[in-house]
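This report concerns only the one structure given below.
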2 protein chains.
Amino acid sequence: MAASIEDVARLAGVSIATVSRSLRGLPDVAQSTRDRVLAAARELDYVASPFAARLASGRSATVGVVVPFVNRWYFAEVLGSIEGVLHDANMDLLLYNLGDMAGRERFFRDLPVRKRVDAIIIATLVLTEAEMDALRSLKVPIGVIGVDHAGFHSTRIDDRAGAATAVGHLIELGHRRIGHVAGDRADPMRFTPPHHRRRGYIDRLAAAGIDYDPSLEVLGYFTTHGGRLATEELLARPDRPTALFAESDEMAYGALVALRRAGLRVPHDIAVVGFDDHASAALMDLSTIRQPVRDQAEELTTRVLAAAAGDSAEPTSHVLPTELIVRGSTDPAHTIY
Amino acid sequence: MAASIEDVARLAGVSIATVSRSLRGLPDVAQSTRDRVLAAARELDYVASPFAARLASGRSATVGVVVPFVNRWYFAEVLGSIEGVLHDANMDLLLYNLGDMAGRERFFRDLPVRKRVDAIIIATLVLTEAEMDALRSLKVPIGVIGVDHAGFHSTRIDDRAGAATAVGHLIELGHRRIGHVAGDRADPMRFTPPHHRRRGYIDRLAAAGIDYDPSLEVLGYFTTHGGRLATEELLARPDRPTALFAESDEMAYGALVALRRAGLRVPHDIAVVGFDDHASAALMDLSTIRQPVRDQAEELTTRVLAAAAGDSAEPTSHVLPTELIVRGSTDPAHTIY
DNA sequence: ATGAAAGCGCTAACAG
DNA sequence: CTGTTAGCGCTTTCAT
């Protein structure tokens, strides 16, 4: 049986209260006493039982992290970043992967985080009023990454401005017919990027006096495969575009495959710009909008942790900058294919 | 304040013991009593405090999941699968992302899972004796995915046989000079696939009476970028290979990029086969060895859960089958580029 | 600076 | 079938 606080107290010749204080670094313990306790604890290889501590203190030293999918680049990146901050702060991380709408409904109905976390971090979901109510009922600080919701801590990028920058880059290169490989705005998970990025696309066209042409817009569903199919569809239409804006790099990869198969040269026949600066974008020589994924996750986690620790500042919404990265897929002096 | 078991007992007019029994579905409770308790619990929106239950019962209903990285395809896939099984079983999932050697050392030194999990699942690490001792000291069932260690539950594939199949496929197509884009065998994380997959490559060459040529072997470090560089290096050598075996699909993608840039046709000039059947392999038209990642994770998790629940069967090692998937990158009737 | 003691909210014998 | 009671291993007043 593992050592308990009583064993340590006995060995150190003090009360369990003193052991508790010493080990947690609380004040009002003589240095000599503390040293004795630390030595005893080390000798017995003692660690406090987290459950006993949590029951007694009412704090769980745990945060719940909710992601729609763990196996997509963006969410995996976010999750890894959060994990780092949390464990550096000696917090446990309870993972919830929604997976699909059924999982999402189950989560908000059952609220499996109840009575077990000091804070919650949720990635990229636009929450319904009912979901927000459910979360608020937990009475713990809540952080949302990628979206902002009043009353919750949030960190995100400006998707709309980023998309406008991407499209502006194409316009400055002289393109007027710009195809749009879009994310699914009707996804039941209600992700926001497709809405904002599309707005940015339309904004920027308008600013350049280019008419918005719905026939240049096809859904790619945020997958590589979808990006390929969408591009094939665009190419099959009369008067094909001279450039493509894909709402995500992963869709852009699919677009590049479709273009290669169609025998079109990039960027000479068709230029392509993506969004995210995904891990493989540099390899694919894809121009894109870089977003600081890890920074967003770390910044948000840090603030949520402060809130959980009692910092009662009002929840705020932070926006981090994006950056246009020009690579071969739009550089006329270059050829990918 | 949230309702406690006493509130429920009072409302239902029974003792807290009866509430506990009713809610947990234990026997020896009159149906009418149970109904009353359930109604009271629902009315008060009661859920038991997990910490109190864990402290009293000694069971944590939690499993620790340890991965080297969350943001690599294989591990993300594994993590997602484990999460599904765990939450279906009403278990909490505590995530530990090692990240690098420093993180790995810290994990095994501090053992942050101590006193908080009923079982541990670890992905793809070859454990040192010291690490195994540390884990054993926890006295909980341990599952390892991708490797087998005596005394631990494990599920894996036969990497060696899979690699041999991949190389055999190339040999049957008539190839004799087969380049090898290899994983790093000296990685301090000590992953096993590079060792086994390389053995399979060498085995199969030997079986076909082909001399092993070290100059055909270059490290690609399991990254897309590394695969590209490795391939470029292979192409720069005299008497270049007519086919490539990449130890992972992600490295194979890099190889395809390098071949395209070099103006070589696939599979006519050089055929390529990968390993894993990564999510994008179909899109890239890459022939590969499919491994059932989710199945491995689910099978292992299920067994570990049984062990944690008291099934005292000896830990065993299970091997799941792989399958050759032939696509355009090796099909002579086909052209990728 | 230290100790005694009262919980925290459950589970698990044990009685009846 | 149900209730009583003794913990589980800590944290946290409150004394001293």
Side-chain angles (χ1 to χ4, degrees), chain A residues 1-41 44-62 90 92 114-118 139 309-310, chain B residues 1-41 44-62 90 92 114-118 139 309-310:
Chain A
M1 202 50 207
S4 79
I5 197 171
E6 286 210 64
D7 301 322
V8 178
R10 201 174 307 121
L11 183 59
V14 297
S15 72
I16 62 169
T18 298
V19 172
S20 178
R21 291 186 192 103
S22 304
L23 262 27
R24 289 185 297 150
L26 297 187
D28 298 329
V29 182
Q31 187 57 50
S32 59
T33 307
R34 191 185 301 268
D35 290 344
R36 218 152 12 98
V37 171
L38 259 46
L44 296 174
D45 197 26
Y46 170 78
V47 285
S49 157
F51 304 133
R54 290 164 189 188
L55 181 58
S57 71
R59 276 169 267 105
S60 70
T62 302
N90 273 307
D92 280 342
R114 288 213 281 171
K115 295 188 179 175
R116 61 193 76 196
V117 300
D118 291 338
K139 307 289 183 207
Chain B
M1 203 50 206
S4 81
I5 197 171
E6 286 210 67
D7 301 322
V8 179
R10 200 174 309 121
L11 182 59
V14 296
S15 72
I16 62 169
T18 298
V19 172
S20 179
R21 290 186 194 102
S22 304
L23 262 26
R24 288 185 298 149
L26 296 187
D28 299 329
V29 182
Q31 188 56 49
S32 60
T33 307
R34 192 185 301 269
D35 291 343
R36 211 145 26 88
V37 171
L38 260 46
L44 297 174
D45 196 27
Y46 170 77
V47 284
S49 157
F51 304 134
R54 290 164 190 189
L55 181 58
S57 71
R59 277 170 267 105
S60 69
T62 301
N90 273 309
D92 281 341
R114 287 214 281 170
K115 296 188 180 176
R116 59 192 77 195
V117 299
D118 290 338
K139 307 290 184 208

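Reminder, nothing fancy here: chain letters follow the sequence lines and each chain counts from 1. Values below: all heavy atoms of this structure, side chains included; hydrogens, waters and symmetry mates excluded.
For A:Arg116, the side chain to side chain donor-acceptor pair (under 3.5 Å) partners are B:Asp92, not counting sequence neighbours. Scored by the salt bridge (Lys or Arg N to Asp or Glu O under 4.0 Å) test, A:Asp45 finds B:Arg114 as partners (sequence neighbours excluded). Considering only residues two or more places apart in sequence or on other chains, B:Arg24 meets the side chain to side chain donor-acceptor pair (under 3.5 Å) condition with B:Ser20. Among residues two or more places apart in sequence or in another chain, the side chain to side chain contact (heavy atoms under 4.5 Å, CB included) test is passed with A:Ala309 by none. For A:Ala39, the side chain to side chain contact (heavy atoms under 4.5 Å, CB included) criterion is met by no residue, not counting sequence neighbours. The side chain to side chain donor-acceptor pair (under 3.5 Å) check on B:Arg36 picks up nothing, with sequence neighbours excluded. Not counting sequence neighbours, the partners of A:Ala52 by the side chain to side chain contact (heavy atoms under 4.5 Å, CB included) test are A:Ser49, B:Leu55.
Over its length, the helix from C:dA1-D:dT16 to C:dG16-D:dC1 turns its helix axis by 30°, as judged from the five terminal pairs at each end, rounded to 10°.
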Name every donor-acceptor pair, under 3.5 Å, that has one atom in a side chain of residues 2-16 of chain A and the other anywhere in the protein, sequence neighbours excluded.
from    : atom 1 : to      : atom 2 : distance (Å)
A:Ser4  : OG     : A:Glu6  : N      : 3.2
A:Asp7  : OD1    : A:Arg10 : NH1    : 3.4
A:Asp7  : OD2    : A:Ser4  : N      : 2.7
A:Ser15 : OG     : A:Ala17 : N      : 3.4
A:Ser15 : OG     : A:Thr18 : N      : 3.3
A:Ser15 : OG     : A:Thr18 : OG1    : 3.4

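Using a 4.0 Å cutoff on non-hydrogen atoms, the parts of residues 27-38 of chain B near DNA chain D are B:Asp28, B:Val29, B:Ala30, B:Thr33, ordered by number.
Listed by first then second residue, pairs satisfying salt bridge (charged side-chain N to carboxylate O under 4.0 Å, His left out) with a partner in residues 11-22 of chain B number zero, not counting sequence neighbours.
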Sequence-aligned protein contact record of nucleotides 8-16 of chain D, with B where the base is within under 4.0 Å of a protein heavy atom and S where only the sugar-phosphate is = BBBBBB---
